[in-house]
Amino acid sequence: MEKKIVELFAGVGGFRIGFEEANPDWETVFASQWEPGKKNQFAFNCYKEHFENKGGVTKFSNCDISTVPTSEIPDCTVLVGGFPCQDYSVASTGAQGIAGKKGVLWWEIERILKDKEPAFILLENVDRLLKSPSKQRGRDFGVILACLNNLGYSVEWRVINAAEYGFVQRRKRIFIFAFKNTTKYHQAIAKKDISRIAYFDGIFAKRF
Ligand SMILES: C[S@@+](CC[C@H](N)C(=O)[O-])C[C@H]1O[C@@H](n2cnc3c(N)ncnc32)[C@H](O)[C@@H]1O
């Protein structure tokens, strides 16, 4: 398996650091990070400073992802991204979920998935995504699951609290792992009983 990552909504590169630390063979072939409406692109500058020499930073890396043609995004094995959470977050009054200004960025992920068809996807957001929007609880996560299903992916997800992994902050985040129904991982897992996947064999079942 090729070890190539595309990192969307890259921030300062948290996903990239995790993958590279897990196995230095992982190569980030494209990163996208753009802070809307800000002249100073602090996060991108930080990303560039750390990673420019290691690849993935192109002339399209510091652009609004909605303006980046998929032809400028290389093929990858895993697409990762912590997509903007303000529209799902309790901290945001009047959060509109997947229909909000930032929530709509989900559709950019969908656009890229349709074209690039990565075998695996790993996404992160606030745990409140599961209950968004407040007037139609659960709708947005349902839309995301349906999109992934339509594109031929199966999905595992879990809310993970950083405080349970040695960090000093109580930080609950939902991690969504999706895999193409054509992958060996799918073949292996599809044979198993659903409760076995959730409790023992799924990617989030193991506690380290
Ligand atoms: C939740 S943060 C991701 C943090 C990241 N995982 C990290 O390790 O730093 C979402 C990021 O998406 C970026 N962003 C927001 N809108 C964007 C857009 N239209 N195009 C590209 N990046 C965008 C934000 O600037 C923010 O850094």
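Order of appearance sets the numbers: ligands from 1, and atoms from 1 within every ligand. Hydrogens, waters and symmetry mates are skipped; everything else that's a heavy atom, side chains included, is used.
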For [atom], which protein heavy atom lies nearest, and how many Å away is it?
atom                    : answer
atom 21 (C) of ligand 1 : Trp34 N, 3.5 Å
atom 27 (O) of ligand 1 : Gln33 OE1, 2.9 Å
atom 19 (N) of ligand 1 : Asp64 OD1, 2.8 Å
atom 20 (N) of ligand 1 : Ile65 N, 3.0 Å
atom 12 (O) of ligand 1 : Phe9 CB, 3.4 Å
atom 25 (O) of ligand 1 : Glu35 OE1, 2.4 Å

Self-check item: Closest to atom 5 (C) of ligand 1 (judged by heavy-atom distance), picking from Gly14, Ala10, Gly13, Gly82
Solution: Ala10
Quiz item: Should one rank Val12, Ile17, Leu123 by closest heavy-atom distance to atom 9 (O) of ligand 1, which comes out on top?
Solution: Val12
Practice problem: Please indicate whether Lys172 has more than 12 foreign heavy atoms, meaning atoms of other residues, nucleotides or ligands, lying under 6.0 Å from its NZ. | Solution: no
Exercise. Answer yes or no for Pro36: is there a heavy-atom contact with ligand 1 below 4.0 Å?
Key: yes
Practice problem: Give a yes/no on ligand 1: does Ala43 have at least one heavy atom closer than 4.0 angstrom to it? | Solution: no
Quiz item: Would you call Glu2 and Asp75 a side-chain contact if the rule is heavy atoms closer than 4.5 Å?
Solution: no
Quiz item: Are Glu20 and Phe51 close enough that some pair of their side-chain heavy atoms sits under 4.5 Å apart?
Solution: yes
Closest approach of [X] to [Y] (non-hydrogen atoms, all atoms of both residues):
X      : Y      : answer
Phe44  : Ser61  : CE1-CB, 3.7 Å
His186 : Ser154 : CD2-OG, 3.4 Å
Ala163 : Arg170 : CB-CA, 3.9 Å
Glu117 : Tyr153 : C-OH, 3.6 Å

Quiz item: Considering only heavy atoms of Pro84, which atoms of ligand 1 have at least one such atom less than 4.0 Å away?
Solution: 12 (O), 15 (C)
Exercise. Considering the heavy atoms of Ser32, write down every atom of ligand 1 situated less than 4.0 Å from one of them.
Key: 21 (C)
Quiz item: Quick one: does ligand 1 sit under 4.0 Å from the side chain of Leu105, the backbone, both or neither, non-hydrogen atoms only?
Solution: side chain
Quiz item: Are Phe200 and Ile203 connected in a single hydrophobic cluster, I mean Ile/Leu/Val/Met/Phe/Trp/Tyr linked by side-chain heavy atoms less than 4.5 Å apart?
Solution: no
Quiz item: Looking at Phe177 versus Phe179, is the centre-to-centre ring distance below 6.0 Å?
Solution: yes
